[in-house]
2 protein chains.
Amino acid sequence: MSNEELLRHHGLRTTALRLDLLRLLQASDRALTHQEFEGGLKVEADRVSIFRSLNAFVEAGVAHRVLDGRGTSCFARCGTDCGHGHHNDTHAHFRCNTCGHVYCMDPIELPGVALPRGFKLAKSYLELDGTCKGCR
Amino acid sequence: MSNEELLRHHGLRTTALRLDLLRLLQASDRALTHQEFEGGLKVEADRVSIFRSLNAFVEAGVAHRVLDGRGTSCFARCGTDCGHGHHNDTHAHFRCNTCGHVYCMDPIELPGVALPRGFKLAKSYLELDGTCKGCR
DNA sequence: AAATTAAACGCAACTGTGTTGCATTTCAAA
DNA sequence: TTTGAAATGCAACACAGTTGCGTTTAATTT
Ligand SMILES: [Mn+2]
Ligand SMILES: [Mn+2]
Ligand SMILES: [Zn+2]
Ligand SMILES: [Zn+2]
């Protein structure tokens with residue numbers, strides 16, 4: 001599916017900015033920060049528009065947001081089974097302590113956890129850190 | 001061990017601010033944000049000093065930092081086996097989707113994860129969300 | 001008890017991420 | 001081609017967190 005089709009399939013208009021952002025997402029093997037998007041774009045775009053497009057991606061199920069461990073957001077392409085307000089990205093994320101890059105791992109089963117009385121679990125997230133392949 | 005002793009045991013000077021922060025940490029069953037510390041203090045303190053004290057706590061192994069899922073930091077007391085630059089808080093954290101509060105869970109074994117070639121694991125973190133005991 | 005010194009503090013300024021309001025432009029459908 | 005809603009640009013803002021620097025204070029030494 002082309003990126004134009006992808007956007008329309010998720011109910012988003014195809015604009016130059018969004019196609020450019022998708023291009024960067026596709027070309028990367030890891031999650032990208034707002035800064036990295038801004039620095040990699042071919043088209044001119046206001047930083048606010050980038051934020052808004054990335055938020056639209058997340059809401060539409062085109063991308064998912066990951067925190068980089070220091071509080072800033074990274075974004076990575078979703079799989080094929082994510083849609084509007086409906087994410088299915090049940091994989092761990094790995095953050096490199098050297099370069100700070102965040103990688104999506106292969107899907108994995110998470111262990112059941114015993115919660116204290118009164119707590120109701122919705123989702124579990126496994127975060128990993130260490131050294132990435134480029135930094136050793 | 002008193003809070004005075006605790007601070008000295010970790011190589012930190014005992015000041016009115018730090019004792020007040022420790023009091024708030026002790027009294028809470030969950031991790032607290034900078035804002036909550038600032039709002040709960042009995043002594044007057046600059047926000048910068050609060051940040052610096054909390055950072056000192058983390059470095060000394062008195063408290064550990066947890067991200068609240070929206071990028072801001074929360075802090076909770078460490079167990080007895082944390083020291084200077086040496087943390088041992090291997091428990092999951094639960095964030096309530098309603099009130100945003102973050103709770104430390106009981107220690108748990110995490111599953112081994114198969115990483116891609118070249119990745120070297122240092123630590124794993126399990127993050128949970130859902131509804132907390134006060135919010136259902 | 002007084003002097004000493006490094007640590008802690010207060011204040012001001014700054015950085016970076018992310019958001020909101022509003023006017024203008026542009027996409028997509030009629 | 002017209003049209004209306006969605007997307008964008010710009011300015012302003014909110015908030016967490018940091019840095020530099022001069023002053024105060026805690027702990028140690030005399
Ligand atoms: Mn991912
Ligand atoms: Mn904890
Ligand atoms: Zn790396
Ligand atoms: Zn709650």
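Keep in mind that this is a model prediction, so the values were computed, not measured.
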Whole angstrom is fine here: how far is it from CZ in B:Arg13 over to C1' in C:dA7?
4 Å
Using atom CZ of B:Phe51 as one end and atom C1' of D:dC15 as the other, report the distance to the nearest whole Å.
9 Å
Assuming nearest nucleotide by heavy-atom distance, tell me which of B:Arg8 and B:Phe75 is located more 5' along DNA chain D.
B:Phe75
Whole Å only: how far is the CD1 atom of B:Ile50 from the P atom of C:dA8?
16 Å
Are side-chain heavy atoms of B:Val58 and B:His87 found at a separation under 4.5 Å?
yes
Which nucleotide wins on minimum distance to the side chain of A:Val48, given the candidates D:dA11, C:dC27, D:dA26?
D:dA11
Heavy atoms from C-beta onward define the side chain here; which of D:dT18, C:dT19, C:dG18 lies closest to that of B:Asn55?
D:dT18
Residues in residues 92-100 of chain A with a heavy atom under 4.0 Å of DNA chain D, by number, are none
Is the base of C:dG21 touched by the side chain of A:Arg52 through a donor-acceptor pair closer than 3.5 angstrom?
yes
Can you tell me how far C1' of C:dT17 sits from CG of A:Asp46, to the nearest Å?
14 Å
Short side-chain N/O contact from A:Gln35 to OP1 or OP2 of C:dT17, under 4.0 Å:
yes
Residue B:Arg47, side-chain heavy atoms: nucleotide from D:dG17, C:dC11, C:dG18 that is nearest:
D:dG17
For a quick test of reading the model: is some side-chain N or O of B:Thr14 closer than 4.0 Å to OP1 or OP2 of D:dA27?
yes
